[in-house]
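Treat the numbers as computed from the prediction; the structure is a model and nothing was measured.
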Amino acid sequence: MIDVRLIRENPEIVRRALEYRQMTSELLDEIVDLESKRREALQVVEQKKAERNSISSEIARAKASKDENLSVSLMDRAKEISSEVKELDLRASQIEEELKKKLLYLPNIPSSTTPVGKSEEDNVVVRMWGEPRKVDFEIRPHWDYGPETGLIDFERAAKISGARFTILRRDLARLERAIANFMLDLHHSKGYEEVALPFMVKRDTMQATGQLPKFEEEAYRIDPDDMFMIPTAEVPLVSQHMDEILEGDLPKKYTAYSACFRREAGSYGKDVRGMIRVHQFDKVELVWFTHPDDSYDALENLTADAEDVLRKLELPYRVVSLCTGDIGFAAAKTYDLEVWLPSYNTYREISSCSNVEDFQPRRANIRFRDVDNKLKFVHCLNGSGLAVGRTLVAIVENYQRRDGKIDVPKALVPYMRQEVIG
RNA sequence: GGAGGCGUAUCCUAAUUGGCUAAGGAGCCGGUCUCGAAAAUCGGUGGGGUUGACGCCCCUUGUGGGUUCGAGUCCCACCGCCUCCGCCA
C-alpha cells in the first residue's frame, strides 16, 4: 500500500509510477478525490464529537451536583447531537472504507533504479554466469524424457488432478527432495532462520502481501472457510509478523520450504507441455525484513544468495532487472534469475527477487523502532531460492548424457547418495 | 463438535455497582550521584488521525455491531488463547 500522505502531497509521483507501469491514472484520481472528501467529512464529524463529549461531561457534573433540571435539559440536547454524530460518522466511515478499498488496488511505486520500459522486452540483462553446454547429441526435453523413462508421469497426474499437475517417481522424486534439502541447508548456513509454515492462510493474510484483492482469480480458495492455498511461502513468511513491532536487530532473514498453488488463470496457451508451469510446485523462499536504509543492499545480497544455489549446482544462468512495465504489483525493484533450459533453447525464470520496500509492511502493519525512538515501517524483500520444480527440470536437461542417464550435480551427491540417475 | 473461562498500551497488571484524566509496575529515554558502571533517586515515555508545524481536538481496552446523553464496564456476533469432554493422525 502506498502512503495516503504521499498521494495527497505528491500525486504526480504516483501518476508517473502508473505511467511507467503502463497503467491509467483513473484510480489515482478517484483516490485523490476521496481523500479530500474524507478529510472534509472528518472535520465535520470530529467537531460534533467534541461538542457531544463536552456536553456529556457537563451532564456528569450536573448529576454530581444533583441539578436535575439542568441535567435533563442537557440530555435532550445531547441526544440530538448524538444522533447527528451517528449520521455524520456513518458517512465519514463509508468514504474511508471506499478509499481503503481503492488503495489496495494501487501498485507499488517502482524504484528509481528500476529500468523504465513497456514490457518484458525492455528488461535489462545485468550479468551472465556459466556457459550452456555444447553436446553432439540431442538432449531430450524433460516432457519427453519423463514419460520415456517413467520418471515423470503426466498421464496419471492428469487422471487424478487434471492438467498441469505432475507425478515424480523413484530417482526424480528423491531428486526433488534432495534439491529442497540442499537449498535449505545452504541458506541455513548463511544465517537464514528456517521456518515451516501453514500452506493455507486467511483472506487478510493474502491481502497483507498484495495477492488480494486484485488477483483473487489467481489463487485457490477453500470455499466454506474462505481460506486460500498459498501461491508462495512469501505470503505466510511476511505475514507472520502482521501487526508486530520487530524487536532486536534488523535484518531478519527467513527461509522456508513450501508447496505453492497457482491457478495460472489466463495462461492457457503458455508452457502447456512439461512441468514448467503447473498448479502445484515446491519452492524454497527467502524473505528479509530490513531497515529502510538498507533494503537495496539487502536486495543485492538476497539475489546473490539465490544465485549461489545455481552456482553450486553449476547451472548456467543470467540475472535480469525487470523494467517498470514488467515488475510485479508489490515490487519496487525485481531481479529475475533465469536458468538455461535446452528444451526451450533459452533462459527461463527460476527465481524472482524483489524489494517491496514498505509496500507490504504498510499493508501488514509491520514496524520497528528506529534510533530516534520513532516507529517506522520496515522494508521487506522476498526471493525464490529457488523454485524446486524448475531446478529439477534444469538438472534433467543440463545434466543429461548421451546414454539417457543424468549426472547428479556434485553438490547434490551427498543428498542423493548416488552419482547418476536413470 | 459440546461445556466453561479469558483477551487492557512494548511487557506484566488494576479499574464490581456505566460518569470527569485507563491507576500502578517493569522496560525504554534523559538528569542527579559515580573515575566509570550497577544500585538508589528525580523527570519523561502507548498507537493512529487531524495540522505546513505546534497546541487544541478526534479515535483507540481482540474485531464489528447494539443499548445509553455517556461503555474497559451492559447486550449480540465474530476472531484468538486456555481448561475439561468427545472425535482423531
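Among residue pairs with one or both ends in residues 25-36 of chain A, those qualifying as salt bridge (Lys or Arg N to Asp or Glu O under 4.0 Å) are A:Arg8-A:Glu35, A:Arg15-A:Asp29, A:Glu30-A:Lys102, A:Asp33-A:Lys37, A:Glu35-A:Arg38, A:Glu35-A:Arg39; sequence neighbours excluded. Among pairs with a residue in residues 221-241 of chain A, those fulfilling ring-ring contact (aromatic ring centres under 6.0 Å, His included) read A:His241-A:Tyr254, A:His241-A:Phe289, at least two apart in sequence or across chains. Residues in residues 193-202 of chain A take part in no side-chain hydrogen bond (donor to acceptor under 3.5 Å, both in side chains) pair, two or more places apart or across chains. Residue pairs satisfying the ring-ring contact (aromatic ring centres under 6.0 Å, His included) criterion with at least one member in residues 352-376 of chain A, sequence neighbours excluded, are listed as follows: A:His291-A:Phe368, A:Phe329-A:Phe359.
Look at CG on A:Leu375: it is 11 Å from P on B:G46, rounded to the nearest Å.
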Write down the protein N/O and nucleotide N/O pairs, taken from nucleotides 61-66 of chain B, whose separation is under 3.5 Å; answer none if there are no such pairs.
none

Can you pull every protein N or O that's under 3.5 Å from an N or O on nucleotides 56-60 of chain B?
| unit_1 | atom_1 | unit_2 | atom_2 | d |
| --- | --- | --- | --- | --- |
| B:C58 | OP1 | A:Asn53 | ND2 | 3.1 |
| B:C59 | OP1 | A:Arg52 | NH2 | 3.1 |
| B:C59 | OP2 | A:Asn53 | ND2 | 3.4 |

Write out a two-atom table: protein N or O, nucleotide N or O from nucleotides 15-19 of chain B, distance below 3.5 Å.
| unit_1 | atom_1 | unit_2 | atom_2 | d |
| --- | --- | --- | --- | --- |
| B:G19 | N2 | A:Ser56 | O | 2.9 |
| B:G19 | N2 | A:Ser56 | OG | 3.4 |

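Checked by atom type, the side-chain pair A:His379/A:Tyr296 shows no donor-acceptor distance below 3.5 Å.
Shown here are the side chain to side chain contact (heavy atoms under 4.5 Å, CB included) partners of A:Val85, two or more places apart in sequence or in another chain: A:Lys48, A:Lys49, A:Arg52, A:Ile81. Annotation: side chain to side chain contact (heavy atoms under 4.5 Å, CB included) contacts of A:Ala304 (sequence neighbours excluded): none. A:Asp326 is linked by a side-chain hydrogen bond (donor to acceptor under 3.5 Å, both in side chains) to A:Asn123, counting only residues two or more places apart in sequence or in another chain. Scanning for side chain to side chain contact (heavy atoms under 4.5 Å, CB included) contacts around A:Gln47 gives an empty result, with sequence neighbours left out. Evaluation of the side chain to side chain contact (heavy atoms under 4.5 Å, CB included) rule for A:Asp271 yields A:Ile276, A:Arg277, A:Tyr344, A:Arg348 as partners, not counting sequence neighbours.
In this model, the phosphate group of B:U51 is approached by a side-chain N or O of A:Arg8 to a distance below 4.0 Å at OP1 or OP2. OP1 or OP2 of B:C79 has not a single side-chain nitrogen or oxygen of A:Arg203 nearer than 4.0 Å.
Among the protein residues, A:Ile81 comes within range of no part of the nucleic acid, since none of its heavy atoms lies under 4.0 Å from any strand.
The listed nucleotides are B:U51, B:G49, B:C20; the one nearest the side chain of A:Arg38 is B:G49.
Taking the P atom of each, B:C33 and B:G72 are spaced 45 Å apart, rounded to whole Å.
Among all heavy-atom pairs drawn from A:Val235 and A:Gln211, the shortest one is CG2-OE1, 3.4 Å.
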